[in-house]
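This report concerns only the one structure given below.
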Amino acid sequence: MSSAALRQFSHRLQVATHGQGLYEITGPIAQWLSGCEVRTGLLTVFVQHTSASLTIQENADPDVVYDLNAFFRRLVSEDSRLYRHTVEGPDDMPAHIRAALTLTQVSIPVEQGRMALGTWQGIYVFEHRAASHRRSVVLHLLGE
């Protein structure tokens, strides 16, 4: 059992997106985490939006990102005849549905001061809208 006191840290990342797709944010998160001086803990990553989400996915082969984007376009049609919520454009309601099918937060263990991600894992903001946006991602670290 450790006698170290638990500490908390929080930070906001602003992520610029340029239309639908996955935007890797592993690097900026790792950089922030390295300055927190926490050896063991739990990192929560939360996106503050209803038309974007988060995912942990392979970051080695770009075909994975391409296929995920293509799959979600097929899964959730942008046909405005299917939805009542259409005032913000034909991609808005599909973006909400895609976000509902994915995650708004992920939790990642921290070991030896680093995220305990697998070899090929990266953290992504999954932008579901066609236009460019600035997405706010909140990081919260609890550890010792």
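In this text, all values refer to a predicted model and were calculated from it rather than measured experimentally.
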- Message: If hydrophobic clusters are built by linking Ile, Leu, Val, Met, Phe, Trp and Tyr wherever their side-chain heavy atoms come under 4.5 Å apart, do Leu68 and Leu75 end up in the same one?
- Response: yes
- Task: Could you pull out all residues at least two apart from Asp61 that satisfy side-chain contact (heavy atoms from CB on, under 4.5 Å)?
- Result: Glu58, Asp63, Val64
- Message: Check this for me: Arg7, atom CZ, are more than 12 non-hydrogen atoms of other residues, nucleotides or ligands nearer than 6.0 Å?
- Response: yes
- Note, Met115 side chain near Thr26 side chain (heavy atom, < 4.5 Å): yes
- Selection residues 96-118 - residue pairs positive for ring-ring contact (aromatic ring centres under 6.0 Å, His included), sequence neighbours left out: His85-His96
- Message: If I compare all heavy atoms of Glu144 with all of Ala5, which pair ends up nearest, and what's the gap?
- Response: CB-O, 3.7 Å
- Query: For the hydrophobic clusters of this structure (ILVMFWY residues joined by side-chain heavy atoms under 4.5 Å, transitively), does one cluster hold both Tyr66 and Leu22?
  - Reply: no
- Pairing residues for His133 by the ring-ring contact (aromatic ring centres under 6.0 Å, His included) criterion, not counting sequence neighbours: none
- Could you tell me which residues satisfy side chain to side chain donor-acceptor pair (under 3.5 Å) with Arg12, sequence neighbours excluded, listed by chain and number? Gln48
- Indicate if Val87 and Leu82 have the same hydrophobic cluster label, given that clusters are the connected sets of ILVMFWY residues with side-chain heavy-atom separations under 4.5 angstrom. no
- Message: I'd like to check Pro94 versus Tyr83 (side-chain heavy atoms, cut-off strictly below 4.5 Å). Are they in contact?
- Response: yes
- Message: Whether Glu127 and Arg135 form a salt bridge (side-chain N of Lys/Arg under 4.0 Å from carboxylate O of Asp/Glu) is what I want to check.
- Response: yes
- Is Asp92 reaching over with its side chain to a backbone N or O of Thr86, donor-acceptor style, under 3.5 angstrom? no
- Do Asn59 and Tyr124 have side chains that get closer than 4.5 Å, going by heavy atoms? yes
- Query: Is Trp120 isolated, or which residues cluster with it under the ILVMFWY side-chain rule of less than 4.5 Å, directly or via members?
  - Reply: none
- Applying ring-ring contact (aromatic ring centres under 6.0 Å, His included) to Phe72 and not counting sequence neighbours gives Phe126
- Indicate whether the side chain of His140 and that of Gln8 have a donor and an acceptor atom separated by less than 3.5 Å. yes
- Go through Arg73 and Gln20 one step at a time and tell me if the side-chain contact (heavy atoms from CB on, under 4.5 Å) criterion holds. CA-CA 10 Å; Arg73 280 193 298 275; Gln20 292 178 348; 3.9 Å; yes
Using distance only, find each side-chain donor-acceptor pair of residues 29-37 under 3.5 Å and give its atom names and separation, not counting sequence neighbours.
from: Ser34; atom 1: OG; to: Gln31; atom 2: O; distance (Å): 2.7

- Note on the structure: Applying side chain to side chain donor-acceptor pair (under 3.5 Å) to Arg84 and not counting sequence neighbours gives none
- Val137: partners by side-chain contact (heavy atoms from CB on, under 4.5 Å), with sequence neighbours left out: Leu13, Val15, Ile25, Val45, Val47, Val125, Leu139
- The reported gap from OG in Ser136 to CD in Gln14 (rounded to nearest 0.5 angstrom) is 4.5 Å
- Rounding to 0.5 Å, atoms CG (Leu141) and OG (Ser10) come to a distance of 9.5 Å
- Query: When rounded to the nearest 0.5 angstrom, what distance separates CD1 in Ile123 from CG in Leu54?
  - Reply: 8.5 Å
- Task: Mark yes or no for whether Ser77, through its side chain, and Asp79, through its backbone, hold a donor-acceptor pair below 3.5 Å.
- Result: yes
Below 3.5 Å, can you tabulate the donor-acceptor pairs from side chains in residues 100-113 to any protein atom, sequence neighbours excluded?
from: Thr102; atom 1: OG1; to: Ser53; atom 2: OG; distance (Å): 2.6
from: Thr102; atom 1: OG1; to: Arg98; atom 2: O; distance (Å): 2.9
from: Thr102; atom 1: OG1; to: Ala99; atom 2: O; distance (Å): 3.3
from: Gln105; atom 1: OE1; to: Ser107; atom 2: OG; distance (Å): 3.4

- Note on the structure: Sorted by chain and residue number, the side-chain contact (heavy atoms from CB on, under 4.5 Å) partners of Gln121 (sequence neighbours excluded) come out as Ile56, Leu117
- Hits for salt bridge (Lys or Arg N to Asp or Glu O under 4.0 Å) against Arg74, two or more places apart or cross-chain, chain-then-number order -> none
